[in-house]
S.K.: 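Sharing a structure, written as structure tokens. Questions coming.
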Amino acid sequence: EEVAMSALSTARKAANLTQQELAEKVGITQAAIGHYETLRRTPRLADCRRIVSVLRASGVECSLETVFPADEMETEAKSAA
């Protein structure tokens, strides 16, 4: 079964970073990145900003809106309810 790629996963791969490398640069766990990519969890705003900052420093043109689109965040919130 094909799992839809989250915008975060797409941006991380564009930055040529593993989940572990991104996690270390952001200061969170690899498991957290995995949860955010599969939309099981929603990162706090501060973490979102740090993730976007790291991706931009790695050469990816992105923003909070492109890495964490509202429709993905809403999907996660509905499934958690």
Side-chain angles (χ1 to χ4, degrees):
E1 184 179 316
E2 184 68 22
V3 176
M5 291 263 287
S6 69
L8 171 57
S9 175
T10 303
R12 176 181 57 76
K13 289 175 180 165
N16 222 6
L17 294 170
T18 64
Q19 288 184 350
Q20 183 65 43
E21 289 166 336
L22 178 57
E24 286 171 8
K25 289 175 183 282
V26 174
I28 58 179
T29 65
Q30 179 271 320
I33 297 289
H35 286 306
Y36 302 157
E37 288 190 3
T38 56
L39 308 179
R40 282 195 297 262
R41 295 211 182 122
T42 303
R44 296 190 328 257
L45 182 57
D47 290 336
C48 290
R49 289 189 167 128
R50 281 204 304 276
I51 289 167
V52 168
S53 178
V54 167
L55 292 170
R56 292 175 72 122
S58 301
V60 178
E61 280 194 35
C62 59
S63 66
L64 274 175
E65 290 75 23
T66 58
V67 178
F68 300 102
D71 60 337
E72 283 186 5
M73 299 296 107
E74 287 164 14
T75 301
E76 192 278 337
K78 284 188 190 119
S79 65

S.K.: Using every non-hydrogen atom in the two residues, find where Ser6 and Leu39 come nearest and quote the distance to one decimal.
M.R.: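 Minimum heavy-atom separation between Ser6 and Leu39: CB-CD2, 4.2 Å.
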S.K.: Tell me yes or no: between the side chains of Gln20 and Gln30, is some donor less than 3.5 Å from an acceptor?
M.R.: no
S.K.: What heavy-atom pair brings Val67 and Cys62 nearest, and what distance separates the two atoms?
M.R.: CG2-CB, 3.6 Å
S.K.: Starting from the C-alpha separation in whole Å, work towards a yes-or-no answer on side-chain contact (heavy atoms from CB on, under 4.5 Å) for Val52 and Phe68.
M.R.: CA-CA 9 Å; Val52 168; Phe68 300 102; 4.1 Å; yes
S.K.: Would you give the length of the straight line joining atom NZ of Lys25 to atom OG of Ser53, rounded to the nearest 0.5 angstrom?
M.R.: 11.0 Å
S.K.: Report the distance from atom CG of Leu22 to atom CG of Leu55, rounding to the nearest 0.5 Å.
M.R.: 5.5 Å
S.K.: Atom CD of Glu24 and atom CG of Leu17: how far apart are they, to the nearest 0.5 Å?
M.R.: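 So the CD of Glu24 and the CG of Leu17 are separated by 10.5 Å.
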S.K.: How long is the straight-line distance from CZ of Arg56 back to CD1 of Ile51, given to the nearest 0.5 Å?
M.R.: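 So the CD1 of Ile51 and the CZ of Arg56 are separated by 14.5 Å.
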S.K.: Distance check, rounded to the nearest 0.5 Å: Thr42 atom OG1 versus Asp47 atom CG?
M.R.: 11.5 Å
S.K.: What distance separates Ile33 CD1 from Thr38 OG1, expressed to the nearest 0.5 Å?
M.R.: 11.0 Å
